[in-house]
Amino acid sequence: MREMEMSALAQHKVFFGCRRETVELLLRGAFLQKFPARLELAREGDRADFLHVVIDGLVEIYATYFERETTLEVIGPPNIFIVASVVLDRINLRSARVLEPTKILLIPALAVREAMVEDGAFATTVAAELANSDRSNVRELKNQKLRSSLERLAAWIVLRDRESGRTHRFAIPFEKKVLAARVGIVPEALSRSFATLAKYNVVVTGSEVEILEPDALERLAKLDPLIDDPNA
C-alpha cells in the first residue's frame, strides 16, 4: 500500500486507541484490494487467514447445508468480519462474497492475534466487535422466531426507508433472492409477500419500492428497539 493509503486506513475505527506500533504491525502485511461482484472472499470450513475490513461496498455473509443456502446478513463499511474465526484460529462457520465492487482491507490473522496480546486497546476493540456481533445475532434470532415472514419483510422495508432518508421510495440494494434469504423466506414466497403488502399501499416495481401509506406499514412491522435498533 502507498503511504497515503496507510495514513488514511490508520484512522479506521478498528485502530481506535491503538499504539502507533500496533497500527504499523497490522498494516505492514495487510492488503487493500478492490474485488468484483460475486467474488467469494471466505468459505465456511476453511481456515481464517485474514481479518476483513469493509472500506466500501457490500458483502453478503451466507451459509450452506447440502443443497440449501441462506443469507445471514449483508454488511457494508466500516464493519469487519471473520472476527471470531481469526481470534480463535478456527475454521470459518460462514462464507462471504461480494455483492457489488467492494474495497476490502485484509489484515493477516496472525498479526491480529499478536496485536491483541501486545496492545490492550486493540484487544478491547476486537472484544467490542465480538460483543456487537453477538447482540446482532440475538436480535436476528428474535426477529426470525417472534415475527411472521410478512412482519419481517415489512420491518426490513421500514428500516431501509429510514436508512434512505425517509423518502418512502428506495431501490433494493441487492438481488431479490438475497432479500428473500435475508428475511428468512424462499424466493417464490417473496413475490407473494410483496403482493400482500400491496394491501398496505406498498408498491414494488422491479427493484424499486414505494411506500404510499407509511403509518399502515409501520403498524404491520411493529418495530421493537430490542430487535431493530442496533444501538440498543
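Just so it is clear, the model here is predicted, and its values are computed rather than measured.
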Do the side chains of Leu223 and Phe170 join up, straight or via other hydrophobic residues, at under 4.5 Å, putting them in one cluster? yes
Tabulate below the donor-acceptor pairs under 3.5 Å that side-chain atoms of residues 21-37 make, not counting sequence neighbours, or state none.
unit_1, atom_1, unit_2, atom_2, d
Thr22, OG1, Asp119, OD2, 2.5
Glu24, OE2, Arg20, NE, 3.2

Identify whether the distance between the nearest side-chain nitrogen and carboxylate oxygen of Asp229 and Arg135 falls below 4.0 Å. no
Nearest heavy-atom contact between Ala232 and Pro225 is CB-O, 3.4 Å
Apply the test salt bridge (charged side-chain N to carboxylate O under 4.0 Å, His left out) to residues Lys103 and Glu5: give CA-CA distance (whole Å), side-chain angles for both, the deciding distance (0.1 Å), then the verdict. CA-CA 12 Å; Lys103 188 178 292 184; Glu5 289 176 327; 5.8 Å; no
Can you tell if the side chain of Glu60 reaches within under 4.5 Å of the side chain of Phe174, non-hydrogen atoms only? no
Indicate, with yes or no, if Val98 and Val74 share a hydrophobic cluster defined by side-chain heavy-atom contacts under 4.5 Å among Ile, Leu, Val, Met, Phe, Trp and Tyr. no
Answer yes or no: are there more than 12 heavy-atom neighbours, outside Arg38 itself, under 6.0 Å from its atom CZ? yes
Are Phe50 and Ile107 close enough that some pair of their side-chain heavy atoms sits under 4.5 Å apart? no
Salt-bridge contact Arg97-Glu69 (side-chain N to carboxylate O under 4.0 Å): yes
Residue pair Pro77 / Gly57: nearest heavy atoms and the distance that separates them: CD-O, 3.4 Å
Could you tell me whether the side chain of Leu220 reaches within less than 4.5 Å of the side chain of Leu150, counting heavy atoms only? yes
How close do Ala121 and Gly17 get, counting heavy atoms only, and between which atoms? CB-O, 3.2 Å
Is there a path of hydrophobic side-chain contacts, each under 4.5 Å between heavy atoms, that joins Ile185 and Ile61? no
Please report the interatomic distance CZ(Arg94) to CD(Glu73), rounded to the nearest 0.5 Å. 5.5 Å
Count I, L, V, M, F, W, Y as connected when their side-chain heavy atoms are under 4.5 Å apart, and connections chain through other members. Are Ile91 and Val112 then in the same cluster? no
Does Ile82 share a hydrophobic cluster with Leu106, counting links as ILVMFWY side-chain heavy atoms below 4.5 Å and allowing steps through other members? yes
Whether Thr71 side chain and Ala181 backbone form a donor-acceptor pair below 3.5 Å: no
Between CD on residue Glu100 and CG on residue Asp56, distance to nearest 0.5 Å: 8.0 Å
Do the side chains of Leu190 and Pro187 get nearer than 4.5 Å, heavy atoms only? no
Lys/Arg-Asp/Glu bridge criterion (N-O < 4.0 Å) met for Arg182, Glu140: yes
After noting the C-alpha distance and the side-chain angles of Met6 and Leu9, does the key distance pass the side-chain contact (heavy atoms from CB on, under 4.5 Å) rule? CA-CA 5 Å; Met6 294 182 68; Leu9 291 169; 5.7 Å; no
Tracing side-chain links under 4.5 Å among I, L, V, M, F, W and Y, which residues wind up in one group with Tyr62? none
Do Arg43 and Asn92 come close enough that some side-chain heavy atom pair is under 4.5 Å? no
Interatomic distance, OG@Ser207 vs CG@Leu179, rounded to 0.5 Å, equals 11.0 Å
Show your reasoning for whether side-chain contact (heavy atoms from CB on, under 4.5 Å) applies to His12 and Leu105. CA-CA 11 Å; His12 192 278; Leu105 176 67; over 6 Å; no
With the side chain counted from C-beta on, respond yes when Ile80 and Val54 share a heavy-atom pair under 4.5 Å apart, and no when they do not. no
Taking side chain as C-beta onward, heavy atoms only, is Gln144 less than 4.5 Å from Leu141? no
For Arg166, is there an ion pair with Asp161 - N to carboxylate O distance below 4.0 angstrom? no
Could you report the tightest heavy-atom contact between Lys13 and Pro78, atom names first, then the distance? CE-O, 3.4 Å
What's the verdict on side-chain contact (heavy atoms from CB on, under 4.5 Å) for Val209 and His168, showing C-alpha distance, side-chain angles and the deciding distance? CA-CA 8 Å; Val209 178; His168 309 319; over 6 Å; no
Is there side-chain contact between Leu153 and Phe194, with heavy atoms separated by less than 4.5 Å? yes
Salt bridge Asp224-Lys142, side-chain N to carboxylate O under 4.0 Å: no
Could you go through residues 196-205 and list every donor-acceptor pair under 3.5 Å that involves a side-chain atom there, pairing it with any protein atom two or more places apart or in another chain?
unit_1, atom_1, unit_2, atom_2, d
Thr196, OG1, Arg192, O, 3.1
Asn201, ND2, Glu213, OE1, 2.6

If I take atom OG from residue Ser95 and atom CG from residue Leu41, how far apart are they, to the nearest 0.5 angstrom? 10.0 Å
When you measure from the side chain of Ser164 to the backbone N and O of Arg160, does any donor-acceptor pair fall under 3.5 Å? yes
Please assess Arg162 against Asp228 for the test salt bridge (charged side-chain N to carboxylate O under 4.0 Å, His left out), listing each intermediate value before the final yes or no. CA-CA 12 Å; Arg162 291 182 180 182; Asp228 304 297; over 6 Å; no
Does the Arg113 side chain pair with the main chain of Val86, one donor and one acceptor, at a distance under 3.5 Å? yes
Donor-acceptor pair, distance only, cut-off 3.5 Å: does the side chain of Thr102 make one with the backbone of Leu58? yes
Distance-minimising heavy-atom pair for Ala10 and Phe15: O-CB, 3.7 Å
For the backbone of Thr64 and the side chain of Glu44, can you confirm whether one donor and one acceptor N or O come within less than 3.5 Å of each other? yes
Does Arg169 come within less than 4.0 Å of Glu210, counting only side-chain N to carboxylate O? yes
Quick one: OG on Ser136 to CZ on Arg139, what's the gap to the nearest 0.5 Å? 5.0 Å
Given 3.5 Å as the limit, does a donor-acceptor pair link the side chain of Ser193 with the main chain of Ala189, or not? yes
Which of these passes side chain to side chain contact (heavy atoms under 4.5 Å, CB included) with Val59: Asn79, Leu99, Ile104? Ile104
